[in-house]
Amino acid sequence: MRPINFPKNLRAALIDMDGVLYDSMPHHAKAWHRMFSEIGIDTVPEEFFLYEGMTGGDTINLIIQRECGRDATPEEKKQLYARKAELFVNSGQKQPMPGADLMLKTFMERGIDRVLVTGSAQSSLLNSLNRDYPGAFQKGKRVTALDVAHGKPDPEPYQKGAGIVNADSSEVIVVENAPLGVRAGKAAGFFTIAVTTGPIPREEFEKEGADMIFSSMKEFAEWLDRELPGVLVSRLDKCVAKFNPATMTVVTDANVDKAVMSLFKHSEVIEQGNKVVLSPGEQHKNLKSVMQIWDALEAVGATRKSIVVNIGGGLVTDIGGFAAATFKRGIRFINVPTTLLGAVDAATGGKTGINYNGLKNEIGAFHQHSEVIISSLPLRTLSDKEIMSGYAEMLKTGLIADEVLYNKLLDVEGILNDYGHLEEVMQRCVLIKEDVVNRDPEEKGLRKILNFGHTAGHAFESLSFRKGTPLAHGEAVAHGILVELILSHMTMGLESNEIHRYANTVLKQFYPSAGIRCEDIPTLIDLMAHDKKNSVAGCPNFTLLRQPGVPEIDCVPVSKDIEAALEVYMDMMG
């Protein structure tokens with residue numbers, strides 16, 4: 001079990017490289033020994049294990065002081081370290097340390113930030129990290145010898161690593177294999193784990209105050225996988241405990257149960273609650289699935305003080321929310337969305353429902369969630385298509401409510417390559433939607449701004465199904481946004497550069513073609529005229545923009561303007 005002083009709210013792991021991620025220290029030791037031998041200084045290869053973590057310049061200075069009674073000159077440090085680096089590169093391939101991949105996988109699955117903190121500036125290994133440990137160290141989350149004024153055993157490298165992720169001492173662990181590295185971690189005030197992958201005896205790590213000591217990376221990784229619950233589990237368990245429910249029922253579907261539920265294997269909620277696994281797919285978004293949940297609630301004697309935890313995409317949160325809304329006239333529920341679209345759209349807003357007689361969400365109720373837990377962790381199981389479908393909803397949110405957010409979202413690759421950054425913008429989108437919903441819970445006014453991009457988007461989506469080349473909902477909305485930006489320019493004075501910026505930066509780069517031809521325009525206009533959100537039958541109702549962040553609801557352009565906007569859209573899309 002975890003020691004008592006192990007961080008209860010672990011957010012970040014600061015990880016050494018040589019001897020932790022790579023079995024490279026024997027190569028370093030031999031390179032140092034040979035380099036000093038070439039200039040007539042006798043050393044023992046094993047002694048360099050003791051200096052691990054120091055910068056190259058500090059190691060050279062230590063030996064020169066000891067053997068020559070003076071400090072090494074800057075030129076000596078530069079030349080000698082260059083020769084040592086050459087010998088290291090030529091000493092053969094450095095293999096990843098057995099167990100390091102499991103350690104990093106566990107940190108990633110549990111939502112723990114990883115920061116590389118190494119005393120090395122060895123480019124050959126640093127360049128191998130992305131190949132050997134893909135996705136483990138995001139851009140900007142590396143501290144090397146080139147980034148600090150004082151190397152280990154000074155605490156500066158680890159202090160700087162914690163600062164990168166804005167974590168305090170109660171939220172951080174250090175993973176080290178060198179006594180000087182342990183000293184640096186403890187001096188920085190962090191819980192420090194030593195892994196004795198080299199010849200240095202355990203006693204040396206005990207002297208430095210290591211909080212835990214493992215004999216191999218494999219041993220540490222297996223312990224970590226067994227004992228570390230992770231951020232998402234902690235958030236879920238704390239959230240449920242806050243409501244002190246009479247009973248707990250977890251609702252998910254078979255796809256999520258297979259792909260995502262392993263993230264919750266340490267959760268008390270999952271272990272103690274009864275679980276309902278629904279059949280996936282829109283054809284199962286029906287009363288039979290709702291009855292399956294009702295039966296499970298009855299089986300455990302659920303009361304109005306019970307709680308339902310919905311873990312899944314929009315289908316699960318819609319059905320689970322509707323079951324909660326109707327059981328005993330309404331019980332509490334928590335949504336844990338596992339898709340980007342579900343997180344920023346379906347899981348918030350209080351709309352619950354099921355399909356009926358072939359009509360989507362025909363039967364439903366407004367019933368507000370007790371809480372939504374937003375995490376980017378489950379998104380790692382999604383395809384690019386699913387991610388981009390949800391991304392369109394985030395773009396829409398920025399356009400209607402927050403120009404700063406929208407400008408950030410235009411850097412699509414930058415957002416999607418950093419899960420921490422992605423989670424931040426997800427949270428912002430949810431806060432915006434919740435604010436809108438709280439001010440207009442039943443869509444009588446302000447809430448209509450959330451329909452931006454959807455009147456045209458729904459038409460694209462319906463037409464794509466008729467053609468047998470279906471677009472995902474978010475893909476259709478992405479195209480609908482461009483049409484409605486064009487309409488906004490034509491009728492609201494939106495600057496034309498906003499149209500081109502969106503089309504060129506996002507739509508053409510990241511979304512598939514909608515395949516629209518001239519003969520499709522009348523069908524699209526007809527589909528817009530029959531959109532369920534229209535106030536007057538036959539009259540397409542749009543939310544448009546005067547500028548990013550300044551929406552206008554209940555806009556009813558004339559047919560010729562809609563037709564002209566679609567023609568401009570086609571010209572722009574080529």
Side-chain angles (χ1 to χ4, degrees), residues 108-109 111 231-232 235-236 250-264 276-285 289 308-322 333-355 360-361 369 371-397 409 412 415-434 450 453-454 457 461 470-478 510-512:
M108 293 167 73
E109 286 183 346
V231 174
L232 182 55
R235 288 171 62 191
L236 175 60
V250 177
V251 177
T252 188
D253 69 29
N255 289 340
V256 175
D257 193 43
K258 180 180 179 180
V260 177
M261 292 303 285
S262 61
L263 296 178
F264 299 91
V276 179
V277 181
L278 305 175
S279 297
E282 282 291 318
Q283 69 272 28
H284 298 292
K285 191 177 180 181
S289 294
V308 173
V309 179
N310 301 312
I311 303 177
L315 180 139
V316 168
T317 57
D318 275 0
I319 298 175
F322 181 68
F333 71 98
I334 295 169
N335 285 336
V336 186
T338 59
T339 66
L340 184 53
L341 183 60
V344 299
D345 186 26
T348 58
K351 288 183 178 179
T352 70
I354 57 173
N355 303 337
K360 188 176 177 67
N361 296 328
H369 56 263
E371 197 149 336
V372 176
I373 297 176
I374 299 297
S375 171
S376 63
L377 280 178
L379 308 188
R380 301 175 193 198
T381 66
L382 302 179
S383 66
D384 291 344
K385 181 183 180 74
E386 291 169 311
I387 289 289
M388 292 312 301
S389 183
Y391 205 87
E393 289 288 341
M394 294 204 298
L395 288 162
K396 175 208 76 176
T397 303
L409 289 168
V412 178
I415 296 290
L416 295 182
N417 288 332
D418 185 335
Y419 276 93
H421 200 179
L422 174 59
E423 191 166 309
E424 288 177 10
V425 295
M426 288 167 64
Q427 293 278 10
R428 176 61 184 149
C429 288
V430 169
L431 287 174
I432 290 171
K433 183 169 182 181
E434 287 184 338
L450 300 174
H454 283 62
E461 187 175 7
L471 293 169
H473 172 72
E475 291 174 337
V477 168
F510 297 99
Y511 288 94

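Treat the numbers as computed from the prediction; the structure is a model and nothing was measured.
- Contact of the Ile311 side chain with the Met261 side chain is registered, since non-hydrogen atoms from C-beta on lie closer than 4.5 Å.
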Q: Begin with the C-alpha distance, continue with both residues' side-chain angles, and end with the deciding distance and a verdict on side-chain contact (heavy atoms from CB on, under 4.5 Å) for Lys396 and Val344.
A: CA-CA 10 Å; Lys396 175 208 76 176; Val344 299; over 6 Å; no
Q.
Using side-chain contact (heavy atoms from CB on, under 4.5 Å), reason through Ile415 and Tyr391 one step at a time and then give a plain yes or no.
A. CA-CA 10 Å; Ile415 296 290; Tyr391 205 87; 3.6 Å; yes
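- In this structure, the side chains of Ile319 and His284 stay at 4.5 Å or more apart for every pair of heavy atoms.
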(Q) Determine whether Leu340 and Met426 satisfy the following criterion, side-chain contact (heavy atoms from CB on, under 4.5 Å), listing intermediate values before the conclusion. (A) CA-CA 8 Å; Leu340 184 53; Met426 288 167 64; 3.7 Å; yes
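- Glu423 approaches Ser376 most closely through the heavy-atom pair OE1-N, 2.9 Å.
- Closest non-hydrogen pair, Glu109 versus Leu263, comes out as O-CD2, 3.2 Å.
- Between Arg428 and Thr397 the shortest side-chain heavy-atom distance does not fall below 4.5 Å.
- For the pair His369 and Gly349, the tightest heavy-atom approach, listed with the atom from each and the gap, is CE1-N, 4.1 Å.
- When every heavy atom of Thr352 is checked against every heavy atom of Asp318, the shortest pair comes out as CB-O, 3.7 Å.
- Here the closest non-hydrogen pair linking Ser389 and Ala472 is OG-CB, 3.9 Å.
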Q: Determine, stepwise, if the pair Met388 / Val412 fulfils side-chain contact (heavy atoms from CB on, under 4.5 Å).
A: CA-CA 9 Å; Met388 292 312 301; Val412 178; 4.1 Å; yes
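- Between Leu450 and Lys433 the shortest side-chain heavy-atom distance falls below 4.5 Å.
- Glu282 is listed as a side-chain neighbour of Asn355, based on a closest heavy-atom distance under 4.5 Å.
- Cys429 is not listed as a side-chain neighbour of Thr348, based on a closest heavy-atom distance of 4.5 Å or more.
- With hydrogens and angles left out, the side-chain atoms of His454 and Glu461 include no donor and acceptor closer than 3.5 Å.
- Taking 4.5 Å as the limit, every side-chain heavy atom of Glu386 sits out of range of all side-chain heavy atoms of Thr381.
- Nearest heavy-atom pair, Pro512 versus Leu471, reported as atom, atom and distance to 0.1 Å: CG-CD2, 4.2 Å.
- For the pair Val251 and Leu278, the minimum side-chain heavy-atom distance is below 4.5 Å.
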